[in-house]
Structure formats: C-alpha cells, structure tokens
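Counting starts at 1 for both ligands and their atoms, following the listed order. All figures in this text were calculated on a predicted structure; none of them were measured in a lab.
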Amino acid sequence: MSFKPIDYLPYDFANRRHIGPSPAEMDDMLKVVGANSLDALIDETVPQSIRLEQPLDFGKPKSERELLHHMRVTASKNEVLTSLIGQGYHGTVTPPAIQRNILENPAWYTAYTPYQPEISQGRLEALLNYQTMVSDLTGLEIANASLLDEATACAEAMTMAQRISKSKATAFFVDENCHPQNIAVIRTRAAPLGIEVIVGAPEALEAGRVFGALFQYPGTYGHLRDFTDEIAALHEAKAIGIISADPLSLTLLREPGAMGADIAVGSTQRFGVPLGYGGPHAAYMATRQQYARSMPGRIVGVSVDSHGNRAYRLSLQTREQHIRREKATSNVCTAQALLAVMASFYAVFHGPEGLRAIAQRIHRKTVRMAKGLEAAGFHVEPETYFDTITVDVGLLQRGVLQAAVREGLNLRRVDDSKVGITLDERTRPATIEAVWRAFGIIMKDEDFRPEYRLPEALERQSGYLEHPIFHMNRAETEMMRYMRRLADRDLALDRAMIPLGSCTMKLNSAAEMMPISWREFSQLHPFVPADQAAGYAEMIDDLSAKLCDITGYAAISMQPNSGAQGEYAGLLTIAAWHRANGEGGRNICLIPMSAHGTNPASANMVGWKVVPVKSAENGDIDLDDFREKAAKHADSLAGCMITYPSTHGVFEETVREVCEITHAHGGQVYIDGANMNAMVGLSRPGDLGGDVSHLNLHKTFCIPHGGGGPGMGPIGVKPHLVPHLPGHPVTGGTEGPVSAAPYGSPSLLPISWAYCLMMGGEGLTQATRVAILNANYIAERLEGAYDVLYRGAGGRVAHECIIDTRPFAESAGVTVDDIAKRLVDCGFHAPTMSWPVAGTLMIEPTESETKAELDRFCDAMLAIRDEIRDIEQGRIDRDNNPLKNAPHTMEDLVKDWDRPYSREQGCFPPGAFRVDKYWPPVNRVDNAWGDRHLVCTCPPMEDYAEAAE
Ligand SMILES: *Cc1c(COP(=O)(O)O)cnc(C)c1O
C-alpha cells in the first residue's frame, strides 16, 4: 500500500497559532484591500526610509512541546527554597479553585480594562469586593481598585498627601521601619518634585516640618506600635498621616483608620497571590471619603442603568489621573486588576473568621519559634510582634544564614549582625524546627505552647468583612459557580475580538501562559540570593537581548510595571543623563497634542514642563510648530515624547527629522512603544533616532490585560543612557528604583519570552505584517459607510484605523457612545472611543483575528450605519431607536415590547450570534448618577432588590 503525503501545517506552527487569517483568507483580503501581495501592502504602508534592513533572526522557532521543554529546563535552574525574608513579600497558599478558575481562566485574564461597564459587570463586582475588603480592613471609607506595588503606592500616597494637606511644608517624613524598597522608591519619586525626604524613628517626627508622614505597620523588623499620637500631632500641624499596613495583620490589630490615618496603603500579595520573584501583585490604597477625588488609580463605584437597576462602573472617570494630562499628578493607567480579583476571592473564600484564623496561626507559630530561640539563649526583638522577629546573632550571622540555606530556608540579612525571620501561611512545624537547626538548636515544635505576643493595646476592636458576600456558603461548588457567574457577565477575548486601538488585544496563547503557574517561577521571593534565580537570570538576559534586537536599543530595564511606569523610568533616565552632563536644569518636554495622557502625566512626575505641539491637518506632528518650539526652548529642552507609528495610526515620514531637531537642541527623544505591534521586524525605534522607549509587554508581547492589569513596561535605551537606568537597593545601580522589585513583575516574563521563542524572528515579523493587513482590511470595508480619518502617504493605515462618527451627531443625534453600546448588542467590545480625536472610534484588530471575525465586526458596523441612516432619513424616531436604547438585555426581550423596531432587530443585529448570543447583564449605565451618589463599597444586600429613584 502507498499513501500520498498530506501537505499539513501543524496547528502549533507559529504562523497558525497567532495569526488569524489563513493563507487563502489573506489572498481574499488583499484583493479587497487592492494590494497585489502582502509585501506590496507593507511597502505601501511602511515608508522605505524607516525600514529595518536586516530581518529579525532568533533561530528556529520552537513548537509548543519544544517550548515547554525549554521552559522546564530554564525553570529547573531556579531553586525554590522556603523564603522567610519578609520585607513585604510572604509565602501564601493560592486556593486551587482560584488558581484554576481565575488565574488560569481566559474569561478572567483576557478581559480588558472595564471602561465599557455594560460588558464588565463581573470583574467590576469582583473589584468592588476588593475595595470593600480593603476599606473594611483598613478602617477607611474608600479604596481604589489597585495600584502597581506597595512601594509605588507609598510614593503615590506621599504626593497625594502633598495635594490634600493644608500645610505649607515641603518635607515628607518616612519611618525608618519602612521596608527599604518603599523608602527607596519614595526617594526616587520625591527628588524631581523638590520634596525633602526625612527618614527617622517615629519619635523623632517633627510634625510641623512636614506635609505628611508614612509609617510601616508592622515595621520591617517586626515592631508594632500605635501611631495615634504621631498622627494627632500631624493633624495639629495640618499634615497628613499615612500607614503602610500588612492587610493580614489587620485582622488582629488595630486598623489605620482607628489610629486616625488619612491614607492607608500596602500589598495584598499574601492574599493568595504567588510571590513570583517580585510580582505581579496588587497594592491597595484607601482614604477618607473627603479625599476620594484626590486618590490616584481607578475606583469602582455603584450606579444605575437606564432602567434604574443597579450597575457597577468606574467612578469619577474624568478624575482618572492620566486623563488629566499635564494637570495629572500621577500616571497610573494599567494597574493590577487580575491580582486584585484574586485577592478579593481569597477573602471571599476564607471570610473574616478564616482570615483571622490564618493570621492567628501565623502569629502563634512565630511565638513558638521565638520561644525556642529564647530558650537557647538568643536575644529576640521586638517584645511584641505579629509575624516577624529579628535576632542579633553577632559574628554568627554568616554561619546562620548559610546553615539556613542548607536547611532549605532563606532568612533575611538585616545588617551585619542581625537576622530577620518572617513566617507565613505556608510555615509548618518542620519549617520552625529547620529554622532552629540553622541556629544550632535541636528542639521539637510541639514542646512549645501556643501563646499570643500581640500588644493588648493594639488589639483590633472593630468588625470587618461583614457584608454577606464574605459570608456565602464556602462549598467549592458554590464558589466555583460564583466565579463562573461573574465571568459570564463579561465579554473578554475568549468570546469576541476586542478591537481596541492602541491596546493591542491579541491572543495570549495557552502554551505561553502555562509556565507562569509553575512553582519554579511563582514561588521565588524577589530578594533571594542570585544563585537561586539562575533560571530567571537566563530568561531575563535572553528576552532582553531579543527586545534589544527588536527595538535597536543597547539595554533593557525590566523594572517598570506598566507602560506609564516605563515612561516615567525613561524620563528619569534622561534627566539623570542631563544632570551627569551638568545640564540638570533642562526641563521642557515637547509632546504632541495627540499623545496618550500618560505621556504628559509622566513628564509632570519628573518635574518637567510640558509644551504641547500641534498636529497638522493629516494628523502628523506639525513640523514647523515643533521646530519653532524646540528652538524657542533650546536652552532648557529636556526632550520630546512621540509615539510611533503615531497615535493616528500612521507611519509619519518625518519621524527622523523630529528626532534630529530634538537632538540638535540638546534634547533626548522618548518614543512611546505602545504601537510596537506595527513595527516589530519592520522598523526599530532606536534606528529612527529614539534614545529610550518602553514596550508594553501586555500589548505587543502577549501578556494578557487581566481586566486592567497586570502589565510590564520595560524600557530600552541607547548606550549613553545605560549607566542611568533604574537601580535597586538589592541589586545595586547608581539611580534609585521605580518599582518595589528589581525586575518588576518577572513571573510574567515567561509569556513574552515564549511568544518570541515560538514565533521566531520571521513569525514576529509576519505578525506585524498581518496586523497591518487586518487593519487595512477593516478600513477598506468600512470606507464609504464611515470616513477613515488618517492615512499615510501610500493611502494605507498602519495597524489601526480611526473612523469618524462626529457627523452623525448632527445628522441623526447619534453619538460615539451610542455606537459603542450598540456594538454590545452585536457581541463586540467597542473600539477605543474619542481618542486621540474626540467623537471617533479607533479600531485595532491585531494579527490574531480571523477573516470571519473581522467580517462579523464589519457587518455589525455596516448594519449600525444603516440604522443611523434610518434615523437620518426619518424612518425611525431620533430618541427611540436601537442605537439610543442599546444595549438590549434579555429582560428587554421578554418584557412588553412597545418599540418602533422589532425584537429581532433590537436583540439580534448582524454580528450577534443566535445560539451563543452575549447578553449584557445591564442596560446602559448612567455614569453621572454614580458620581453624584458616590458609593465604592459593596452596597447592603437589601439594596440589591431595590430600584433607584
Ligand atoms: C497603553 C498606552 C500607554 C500606557 O500604558 P499602561 O501600561 O497602560 O500604563 C502609553 N501610551 C500609549 C500610546 C498607550 O497606548
């Protein structure tokens, strides 16, 4: 017998996994676009003058099995010891149901930031649970939905204190018992703002000299103290009191609110979020109601929909910091939504009693361990503590630390003679006995009676987590269904394309995601000795080398935890370079009006003055205006921030000229790399004249958005800036850190690394080319029905396109909002609304979407255009029509129907699936109502039934 070999492309061949359209579909699409070939389309789109000459070459791409094997080998080079280092990071047990149903569930991790509340009710509820948990534990009225890490939360609290305090002082006090990385990040943040940082013991605080003070609770060496008197003194001087608190300790200890604190911050990592060698973890911030409007980050609030039913949405959005551009005082955009969701479910799973029991157990174990050490003659500090003690071992220190490693433990080296030990939820009696052996003590854990050594005066008096959500039946069946119910309310990438301009919502493939759960990546403390993290080092080095090849830069810093944080780090790097050249006075930053709001916000944070540059008619930077402003500020020009391809989705031919002008006037060029999905393999920001760029690994490099974080915003720099990259107290460097951990959120890096390894240079380039094809296909299909606003010289758009919906306001009374909500009925997440141009939609399909999905989207958009025409031509009422009433719920479908269009048209417009129809759980959400009645914690249960006024 003989057989004919089949020409079969395995599914896990790079180009099939990540690239939506099949080769045959691409041919059809090229015909629609009117290009002879993909090469021809790219030539018409990407100007020759900026093209990369050498193709990217990363060797042979790996198959999924090869990749996972390679990951296993790399992971095995990380050594997982039990870390009792503390310092803000703790061992924790992630309940398997949370790991599987949230962390490893694309319904949760592929969701976008909940800017469209109607399709985000599930994660908004989970985040509201998180805020309620934080607010309860800290004893403060209002909490945000997460910040990047504890150290940046401390720094944010400092600048917030300066805004809200009525004191004229310019100094800020930091308790010397704060974790070293918190102090270091505060120093970084304070310097360019001219804030003097005073570090000292709490008793040394001179309240009259400062606008605010930060205390750590428990202190980094274990001390517990009541800050009521210090905070009263601060208030006397019109200054602000801030406490950075471990939320688990607050289940037993008096909460910051009860001590009078105005702001509380901290990390929720130990609520079930793995260590991950430093991140990602959700930091929290809570404050008093009166300061709500000054708080950075996003706040979920309760409002009503158009039928008066309860609905959640992001509150005070116009207040959202990065949207305020040069008036912004913080640049937080992407935060840590997925990790906040995990932490909130940890609290739902355990409830208040469970959390208290965990905290008590940890405390009792700590006491037993301390008693053993005391029995052997060691001096243990402090006298009262929660989970952390310090032992002065003098000359024995080296020996103790080494013996500990032999026992499989990492202890903290506090100074030259002291050792710190912090216990956690994972500590077992055997762990305690191993600690003792490291000190040369042979004893049995069971020989010591449990006892409490918490200061009586600090015992918590108030209740917390009293809301019924934290008291539901904890059978896993019930928990699983709750997580499923919430996930089902949301529209994430696992159901439909999310064509968000600039956000690059592409596939996060399963093989890329799997390694992040492995213990060799997830269970490492960020401050373990370097020789225990050799696998991480190898991965970080190799990924950095690849990113350097992709961008044309000399080195990468992995520290920034978001794109915006990358901008901030990059600008600090530029500022340090200017200072090193004796030009520290340079402080003018040219930024095009169309820039993302984080750009001017970041410039503000480094103390620069933003000078906006006009856009020309075609959306490009107005070169004359740019030249004029650069010349005018030549003596003080620090640099410019541009985005490439531009935020209008066009490869500007003048980019090199913009860079040259900036350099000629002594400035440095920051190229925002959020649009790298249009460049990888075709063009490099470093070659265009950029000095520094950030990459949004959660856009171009496949880290999922997680409903608003995590993210990674590493920066690449040219050789002259390398010495000025962020440093860290643990890993060294001349500059201060921008994040709590040396490599930001390294446990996410396997995702981006896997993407590069499985795609190879050619696959990455093909992804870029197809991203451009997909965008041009949409532009072509929608052209005529809608105006496509900006095109390059060759008549093409880059990887995204902007369509104009402004004419419909007048012709039909239809707004961009109406179209966005109508898209929900069609089963889509709306594109980016009103940015960079008000009244427009910016569509970015990415390479991951198939032709069928692109067609479904275009059919929906064309049908919406027909509905607009019906209004324009008077066939349907201007106020009562499918657009104004969108989105339609199942409730609408089954209720009495008295509308001038059919149920069919209302609920099943083109694009909507009949069987797998996505039903939004609420009608259109009323944002203004929620802002007028600000409620940012879970409303009482009885409210759930009650309709709003
Ligand atoms: C997304 C984005 C940013 C900010 O990135 P985050 O990770 O959200 O902080 C900055 N600039 C542009 C153009 C972006 O699209």
## Note on the structure
Less than 4.0 Å from some atom of ligand 1, heavy atoms are found in residues C333, T334, S502, S562, G563, A564, E567, H596, T598, D672, A674, N696, H698, K699

Could you tabulate the donor-acceptor pairs under 3.5 Å formed by side-chain atoms of residues 735-745, not counting sequence neighbours?
residue	atom	partner	partner atom	Å
S739	OG	Q559	O	2.9
S745	OG	N561	OD1	2.6

### Query
Partners of D625 by salt bridge (Lys or Arg N to Asp or Glu O under 4.0 Å), sequence neighbours excluded?
K629

### Query
Taking side chain as C-beta onward, heavy atoms only, is S693 less than 4.5 Å from T551?
no

### Message
According to salt bridge (Lys or Arg N to Asp or Glu O under 4.0 Å), does anything in residues 835-848 pair up with another residue at least two apart or in another chain? List the pairs.
### Response
K506-E847

## Note on the structure
Residues T329 and T159: closest non-hydrogen pair is O-OG1, 4.4 Å

### Query
With a 4.5 Å heavy-atom cut-off, do L697 and L748 have their side chains touching?
no

